[in-house]
Amino acid sequence: MAVCLVAAAAGCGPQGRLLTPTVSPPNGPTPTTGRKTTTPEPRSPGTPPLNPSTEVTPTGEATRAAREIRFEQALAPGFRDEANDFPNATRYNLDLVLDVERARLSGDQQISYTNTESVALESIYLRLFPNTSGYGGGMSIASVDIDGEPVSPESSLEGSALRVPLQAPLQPGAQVDLSLSFELALPTRHHPASSQEPSDGYRQLGLYDGVAALANAYPVIPVYDDEGWNVELAPSYGDAVFSDAAFYDVQLTAPSTMTVVASGTCRPVEEKTTTTTWSCAAALMRDFNAVASGAFRTVSEEVEGVTVNSVFYAGHEQGGRAALDFASQALELFARKIGSYPFAELDVVETPTLAGGIEYPGLVVINESYYDSGQGVSDRMEWVVVHEVLHQWWYGVVGNDQVDEPWLDEALVQYCTALYYEEVYGEEALDIVVDTSFRQAYEELKETGRDRPVGLPVAAYPRRDYAPVVYQKGPLYFHNLRQEVGEDVFWEILRTYFQRHRYGIARPEDWLTAVEAVTGSQYQPLYNAWIAGGGEE
């Protein structure tokens, strides 16, 4: 099938966070199986939730048993027992109030944290990502209690990290409860909320054009591993969050004119004259995001028991339906080829982000310009939507250190996106993407003396080189490995890697172990050349 590559690669937003080869199929997407299309009327603010059949128990005095039923509803039917399989996962209870007039979010938060490490912990860290320059917000903590006793945390990393001392070391297997109150000043189009201008960020947090984006708008416990607490200040041109899968029980009160879309399942539970409180549950997700707007409309589709929601601005129906089709097709394909998507919903949301798209568990945001480029839906939308949906497998379910080992999700997602084009449009489409996007960029890196190993931390790359090395050179490692082992074996490697590390944190050695488990070899020379070394063998 002939496929036209309009542009070899294009950066999404000024940071070039997601490189998007523009592949235009002549006859549109190929129909897929396992999909039940529903086309409800566009949903106006304040009308029933995205998935009205989901039973959600309000927060407050709800019992532990009721909350566990609630968490089960956030998982797809075949995965609901898994809500009970992780009793030591961190639990976040959040009561949030959005004040649009003041561009403020206030919150009361309870965190139940269990020490799953083999060493005692003398303190717990909290990350305040809104206080980083890439986010551009201003978060202040009013109080912190540990098991009911007030403590005085120590601030560091430009206010983006809090060290919370414990009265006694937290022994392995022991649990501690944190309670805190905070207020967050949201950046707006003309007024960054912090002293640092977020000009290099992605607008993942803020109030822009009537859309409230609340990514990581609460204190987060980072990963503790053999390096200790992961609290480094990440560059603004990569992903900043490195966290464990957790449970989120969230109540968000927003103006009644707004519709709230969030990670997990979400529905209105209390309506007053001017505000509506939404109750949201997210199970085994690495972080939580909510987006609210008075302009949202929704179309939905059921794919293998999962409700896929495309949420878009009124007037962008064509783009909204295209996003729904691309997301549904990708979910069906990779659930079949790699492993089932475990959550009850997947939301694809139009926002004013400056990135092409950004991934969050159960929810991805897509740049509003792709929905209406002035000449209809952008040719680049398909690549962006599929890329972000694939992050549900690589980052969402199988976690990794996005700050120090970004290739494990970004390069793999990029290559799997190319495989989507092969599956949908034929082998020629894969060849075009590999040659004109990935390989040409790699050749340019070499010609200009900017070539670097793919397996470095984000901070090791100059801004201009991060995306070309990780997003464009990185996929060539996976492509060369696939050529070595064969197509069927490569898919088996992906399935093995996925199943072994679901809800966990994978390291590069875990990837190599999965390769060896399937093939009998780690193909170390190939890895050394592309990931650890400088280039081709």
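The model shown is predicted, which means the values in this text are computed figures rather than measured ones.
- Between Arg450 and Asp465 a salt bridge is recorded (basic side-chain N to carboxylate O distance below 4.0 Å).
- Two rings, from Tyr442 and Trp530, have their centers less than 6.0 Å apart.
- Here the side chain of Ser243 pairs a donor or acceptor atom with the backbone of Arg286 at under 3.5 angstrom.
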Salt bridge (Lys or Arg N to Asp or Glu O under 4.0 Å) assessment of Glu82 paired with Arg502: CA-CA 11 Å; Glu82 293 183 344; Arg502 293 172 69 247; 3.1 Å; yes
Test log, rule side-chain hydrogen bond (donor to acceptor under 3.5 Å, both in side chains), inputs Glu368 and Tyr313: CA-CA 8 Å; Glu368 62 189 11; Tyr313 305 160; 2.8 Å; yes
Stepwise side-chain hydrogen bond (donor to acceptor under 3.5 Å, both in side chains) test for Trp383 and Gln414: CA-CA 9 Å; Trp383 183 278; Gln414 280 286 79; 3.2 Å; yes
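- With a 4.5 Å cut-off on side-chain heavy atoms, Ser310 and Arg321 do not count as touching.
- Between Gly238 and Tyr466 the shortest heavy-atom distance is CA-CE2, 4.1 Å.
- Taking both residues in full, the closest heavy atoms of Pro222 and Tyr125 are given as CD-O, 3.2 Å, listed atom of the first, atom of the second, then distance.
- Side-chain contact of Tyr360 with Tyr395: a donor-acceptor pair under 3.5 Å is absent, judged by distance alone.
- For the atom pair CZ (Phe478) and CG (Leu494), the distance works out to 8.5 Å, reported to the nearest 0.5 Å.
- Legend: residues meeting side-chain contact (heavy atoms from CB on, under 4.5 Å) with Ala213, ordered by chain and number and at least two apart, are absent.
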From CA spacing to verdict: salt bridge (Lys or Arg N to Asp or Glu O under 4.0 Å), Arg336, Glu332: CA-CA 6 Å; Arg336 173 166 47 86; Glu332 187 279 330; 3.1 Å; yes
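- Seen from the ring of Tyr237, Arg463 does not count as a face-on cation partner, given the 6.0 Å and 45° thresholds.
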Evaluation steps, salt bridge (Lys or Arg N to Asp or Glu O under 4.0 Å), between Arg507 and Asp225: CA-CA 11 Å; Arg507 300 291 186 179; Asp225 57 19; 2.4 Å; yes
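- Ion pairing between Arg482 and Glu422 holds under the 4.0 Å rule for side-chain N and carboxylate O.
- Using bins of under 30°, 30° to 60° and over 60° for the plane-to-plane angle, the ring pair His387/His391 lands in the perpendicular bin.
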Verdict with supporting geometry, Tyr415 and His479, ring-ring contact (aromatic ring centres under 6.0 Å, His included): CA-CA 7 Å; Tyr415 187 60; His479 185 64; 5.6 Å; yes
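- Among Asn309, Thr307, Leu331, the one residue that satisfies the side chain to side chain contact (heavy atoms under 4.5 Å, CB included) test with Leu346 is Leu331.
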Derivation and outcome, side-chain hydrogen bond (donor to acceptor under 3.5 Å, both in side chains), residues Gln204 and Asn289: CA-CA 9 Å; Gln204 64 266 57; Asn289 188 15; over 6 Å; no
